[in-house]
S.K.: 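Questions regarding the structure given below will be posed in turn.
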Amino acid sequence: MFFSILLFKQNREGGAILALIYIVEDDKNIREIESFAIKNSGYEVEDFERAKEFNSRILEKLPDLILLDIMLPDEDGLSILKRLRQLPETRKIPIMLVTAKTTEIDKVRGLDWGADDYLVKPFGVMELISRVKALLRRSSGMEEEQCIEYKNIVLHVKQHKVTIEGEICELTYKEFKLLKLFLLNAGIVLSRDIIMEKIWGMDYEGESRTLDMHIKTLRRKLKGSGELIKTVRNVGYKLE
């Protein structure tokens with residue numbers, strides 16, 4: 001069964017409306033699977049077989065999230081991604097690439113050009129839904145929960161406190177922010193650039209080696225749970 005938790009946003013009149021997701025996928029079977037799964041998880045869906053249809057629709061109505069195939073018959077998905085990231089109206093819309101391309105360079109290129117996540121075909125339906133919910137949480141501001149729990153890790157947002165199996169884990173300010181970012185995006189690969197921007201800001205001019213040192217220290221302080229933070233070679237990190 002699919003999760004029953006629904007994500008809502010507020011319209012200008014203050015009423016609750018369902019999050020809207022666009023699916024751009026030329027394979028009919030995959031498109032129907034994605035659409036069925038997402039609708040059954042409580043979201044609104046519009047799907048498009050070709051880039052032309054999608055490009056026309058997004059001028060009329062902006063979605064809350066886009067699932068984008070790379071290999072489309074009329075336009076490369078990466079060129080669509082690049083264009084959306086250059087437009088003020090669409091640059092902040094979460095975009096997940098869903099593709100059969102599995103090489104590391106394809107993933108790196110997609111993340112470097114602004115994709116928020118990357119899902120390789122074939123994929124599990126529950127994994128798809130989990131990643132969709134994570135991206136929507138991050139973009140909607142739901143990350144400011146009182147408490148974030150993952151396995152044996154509990155992060156208390158307002159108290160700025162972390163416990164592991166009930167024991168206090170002393171973290172610095174940056175380490176706390178790093179852990180919070182990972183917890184909010186569990187299972188999602190975060191590129192080095194995204195992490196650096198979120199934790200140190202776009203104007204940071206220090207060495208990126210700073211990130212590696214903070215990850216190393218965070219893993220050590222989390223003890224056995226530190227193994228959950230995985231290195232994705234040439235891309236970044238993710239919380240398994």
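FYI, side chains are in, hydrogens and waters are out, and symmetry mates aren't considered; it's all heavy atoms of this structure. In this text the structure is predicted, and so the values were computed from the model without any measurement.
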S.K.: Given the rule in the side chain to side chain contact (heavy atoms under 4.5 Å, CB included) test, do Asn185 and Leu239 qualify, once you have shown the distances and angles that lead to the verdict?
M.R.: CA-CA 7 Å; Asn185 297 278; Leu239 186 69; over 6 Å; no
S.K.: Test of understanding: clusters of I, L, V, M, F, W, Y form through side-chain heavy atoms closer than 4.5 Å, transitively. Do Phe182 and Val154 belong to the same one?
M.R.: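 As far as the 4.5 Å side-chain criterion goes, Val154 and Phe182 are not connected within one cluster.
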S.K.: Between the side chains of Glu49 and Lys28, is the shortest nitrogen-to-carboxylate-oxygen separation below 4.0 Å, so that they form an ion pair?
M.R.: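 Result for this pair is no, no salt bridge flagged.
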S.K.: Going from CD on Glu75 to NZ on Lys52, what distance comes out if it is rounded to the nearest 0.5 angstrom?
M.R.: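 Going from the CD atom of Glu75 to the NZ atom of Lys52 covers 12.0 Å.
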S.K.: Applying salt bridge (charged side-chain N to carboxylate O under 4.0 Å, His left out), run through Arg131 and Glu127 and close with a yes or a no.
M.R.: CA-CA 6 Å; Arg131 293 189 179 209; Glu127 180 183 7; 2.9 Å; yes
S.K.: Charged N to carboxylate O under 4.0 angstrom, Glu60 versus Arg57?
M.R.: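 Yes, this pair counts.
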S.K.: Is there a donor-acceptor contact under 3.5 Å linking the side chains of Arg219 and Thr231?
M.R.: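 There is such a pair between these side chains.
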S.K.: Pairing donors with acceptors under 3.5 angstrom, does anything connect the side chains of Arg83 and Asn55?
M.R.: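 Short answer, yes.
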S.K.: Can you tell if the side chain of Ile30 reaches within under 4.5 Å of the side chain of Ile33, non-hydrogen atoms only?
M.R.: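 Of all side-chain heavy-atom pairs linking Ile33 with Ile30, none is under 4.5 Å.
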S.K.: When rounded to the nearest 0.5 angstrom, what distance separates NZ in Lys92 from CG in Leu84?
M.R.: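 Interatomic distance, Lys92 NZ to Leu84 CG, rounded to 0.5 Å: 15.5 Å.
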S.K.: Could you tell me if Asp112 and Ser191 have a donor-acceptor pair between their side chains, going purely by distance under 3.5 Å?
M.R.: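 Not at all, the side chains of Ser191 and Asp112 share no donor-acceptor pair under 3.5 Å.
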S.K.: NE2/His214 to CD1/Ile199 distance, rounded to the nearest 0.5 angstrom?
M.R.: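 Reported to 0.5 Å precision, the distance equals 9.5 Å.
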S.K.: Describe, in one word, how the ring planes of Phe54 and Tyr22 are oriented to each other, choosing from parallel (under 30°), tilted (30 to 60°) and perpendicular (over 60°).
M.R.: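 Phe54 and Tyr22: perpendicular rings.
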S.K.: Are Val24 and Leu72 packed together at the side-chain level, in the sense that at least one heavy-atom pair is separated by less than 4.5 angstrom?
M.R.: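 Yes, side chains in contact.
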S.K.: Is the closest basic N to carboxylate O distance between Arg50 and Asp69 below 4.0 Å?
M.R.: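 Not counted as a salt bridge, because no side-chain N and carboxylate O are separated by less than 4.0 Å.
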S.K.: Salt bridge check: are Lys121 and Asp27 linked by an N-O gap of less than 4.0 Å?
M.R.: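 So Lys121 does not pair with Asp27 through a salt bridge.
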